[in-house]
Protein chains: 2
Amino acid sequence: MNIAKRKILKAASELFLEGGIAALSVRSIAKKAGVSTIGIYSHFQGKEGILDELYIQGFELVMQAMDFERKALSAKDIMLKGVRGYFAMAEAHEGHYRLIFGENDNRYTPSEEAKAVAEKAFGQLLKVTALLLPDNASMALKQKNALEIWAFVHGYVSLKHHAVASIFETPDWYAMAEEAVSVHIDAILAKPENQP
Amino acid sequence: MNIAKRKILKAASELFLEGGIAALSVRSIAKKAGVSTIGIYSHFQGKEGILDELYIQGFELVMQAMDFERKALSAKDIMLKGVRGYFAMAEAHEGHYRLIFGENDNRYTPSEEAKAVAEKAFGQLLKVTALLLPDNASMALKQKNALEIWAFVHGYVSLKHHAVASIFETPDWYAMAEEAVSVHIDAILAKPENQP
DNA sequence: GATTGAACATAACAGTGTTATATTAAAGAA
DNA sequence: TTCTTTAATATAACACTGTTATGTTCAATC
């Protein structure tokens with residue numbers, strides 16, 4: 001990666017961290033990087049390319065948050081630790097979270113490369129979910145259960161960003177969310193179809 | 001409401017239904033309504049006012065979807081019917097759904113009036129959730145459980161809009177979602193804290 | 001009828017992502 | 001090393017965005 005490309009990406013990442021996607025105009029990125037706007041087109045094929053890089057960063061942050069030492073933990077505890085990591089990431093990197101879940105601009109469509117990273121992240125969740133299921137569980141069953149967990153945790157993050165979140169006086173949104181997910185994991189473990 | 005205001009709102013609604021928020025520029029709305037752009041500022045205080053009207057429409061659609069005859073249904077069945085209505089609405093009115101959950105433009109912030117309608121919709125969900133709980137359940141317990149259901153169902157809708165949704169070969173996303181929610185409702189009903 | 005405020009048309013403003021044009025720099029071939 | 005081709009670059013222009021400014025017309029009130 002050449003110097004200008006690196007400078008552009010660094011400038012974009014910094015602006016994004018400070019001000020989210022609203023701070024990311026091609027002129028402000030170019031200015032901060034000390035180059036002209038054309039660099040964004042030659043190196044990144046336009047603003048979409050910048051957004052793709054940030055999207056990929058976002059899912060990499062998701063994967064990192066769920067990457068930890070698993071020894072001596074039960075399957076449920078591994079999942080819950082992953083869920084906690086996911087919530088921590090969502091809170092610490094709100095701009096990235098909003099970008100990867102399309103809470104910014106529905107005109108942005110991730111590239112195939114960016115989508116592949118999203119799928120990889122889901123693959124990680126799938127592996128953790130498989131720990132909850134019998135060894136001979138089908139791929140469809142694993143996917144179904146992984147999606148279930150993801151829908152639940154993402155739902156909590158998304159609603160926290162919502163206008164109605166202010167109705168809740170809850171001291172700790174994510175503790176509440178974790179407890180609900182924990183109950184659901186128990187329900188998954190108790191399902192007849194999920195027995196060895 | 002005067003004629004121009006009505007024409008503008010009608011034009012905006014039609015454009016929105018066809019092309020989502022991307023179709024809603026003040027010039028295209030004004031042109032379709034047969035007025036100049038200034039009407040959007042005098043009648044709606046700008047584009048935000050149009051978005052507020054559509055946001056309010058969106059939550060009204062949510063409330064309608066969950067409004068049905070409840071006689072002869074158990075508390076769980078009432079909730080599941082509401083969940084089905086919610087999914088049907090989310091599918092039939094994707095533009096509205098994306099708008100009310102911020103999947104469009106994070107520069108749009110709902111007005112106090114629009115937020116009040118969102119809160120009203122949550123109040124409806126709260127009433128249905130209360131049916132699952134003992135009569136003496138506290139407001140906090142009701143809110144917690146209502147949020148749980150909402151997080152789950154919204155999570156499924158949101159992930160259906162996501163790039164990773166294409167991984168799933170599932171014939172019926174929402175049937176799968178409903179089943180997961182049903183399991184969770186059972187888990188809620190089984191909780192010691194939720195017993196009469 | 002005169003005054004005031006609202007509604008309205010149009011132009012201009014400041015911003016957006018992108019493309020066009022010309023120039024310079026870098027890489028590859030002879 | 002020199003020449004040719006390609007890539008990178010600066011700048012201006014384009015078409016679009018939401019909004020404000022300016023002036024005119026309309027409607028309501030006195």
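Everything numeric here is computed off the predicted structure, so don't read it as measured data. Proteins get letters first, then strands, A, B, ... in listed order; numbering begins at 1 in each.
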Separation of atom CD1 in A:Ile8 from atom P in D:dA8, rounded to whole Å: 10 Å

N/O donor-acceptor pairs under 3.5 Å from side chains in residues 125-139 of chain A, not counting sequence neighbours:
residue	atom	partner	partner atom	Å
A:Thr129	OG1	A:Leu125	O	2.8
A:Ser138	OG	A:Leu141	N	3.1

Separation of atom CG in B:Asn2 from atom P in D:dA28, rounded to whole Å: 11 Å

Whether B:His184 and A:His184 hold their rings parallel, tilted or perpendicular, with breakpoints at 30° and 60°: tilted

Minimum heavy-atom distance between B:Leu159 and B:Trp173, given as atom pair plus value: C-CZ2, 3.8 Å

Base-contact (B) and sugar-phosphate-only (S) positions in nucleotides 13-28 of chain C, heavy-atom cut-off under 4.0 Å, - elsewhere: ---BBBBB--------

C:dA6 phosphate, OP1 or OP2, under 4.0 Å from B:His43 side-chain N/O: no

Salt-bridge contact B:Lys144-B:Glu193 (side-chain N to carboxylate O under 4.0 Å): yes

Test ring pair (Phe, Tyr, Trp, His ring centres under 6.0 Å) applied to A:Tyr97 and A:Tyr55, A:Tyr156, A:Tyr86, A:Phe16, the passing residue: A:Tyr86

Euclidean distance, atom NZ of residue A:Lys7 to atom P of D:dA8 [Å, nearest integer]: 15 Å

Gap between atoms CD1 and C1', on B:Ile3 and D:dA27 respectively (whole Å): 14 Å

Nearest-angstrom distance from the residue atom CD1 of B:Ile21 to P of D:dT17: 13 Å

Length of the line joining A:Lys31:NZ and D:dT11:P, which is rounded to integer Å: 14 Å

Stepwise side-chain contact (heavy atoms from CB on, under 4.5 Å) check, B:Leu24 with B:Leu51: CA-CA 9 Å; B:Leu24 281 187; B:Leu51 295 178; 4.0 Å; yes

Atom-to-atom span, NZ of A:Lys5 to P of D:dA8 - whole angstrom: 9 Å

Presence of B:Ser42 side-chain N/O under 4.0 Å of C:dA7 phosphate oxygens OP1/OP2: no

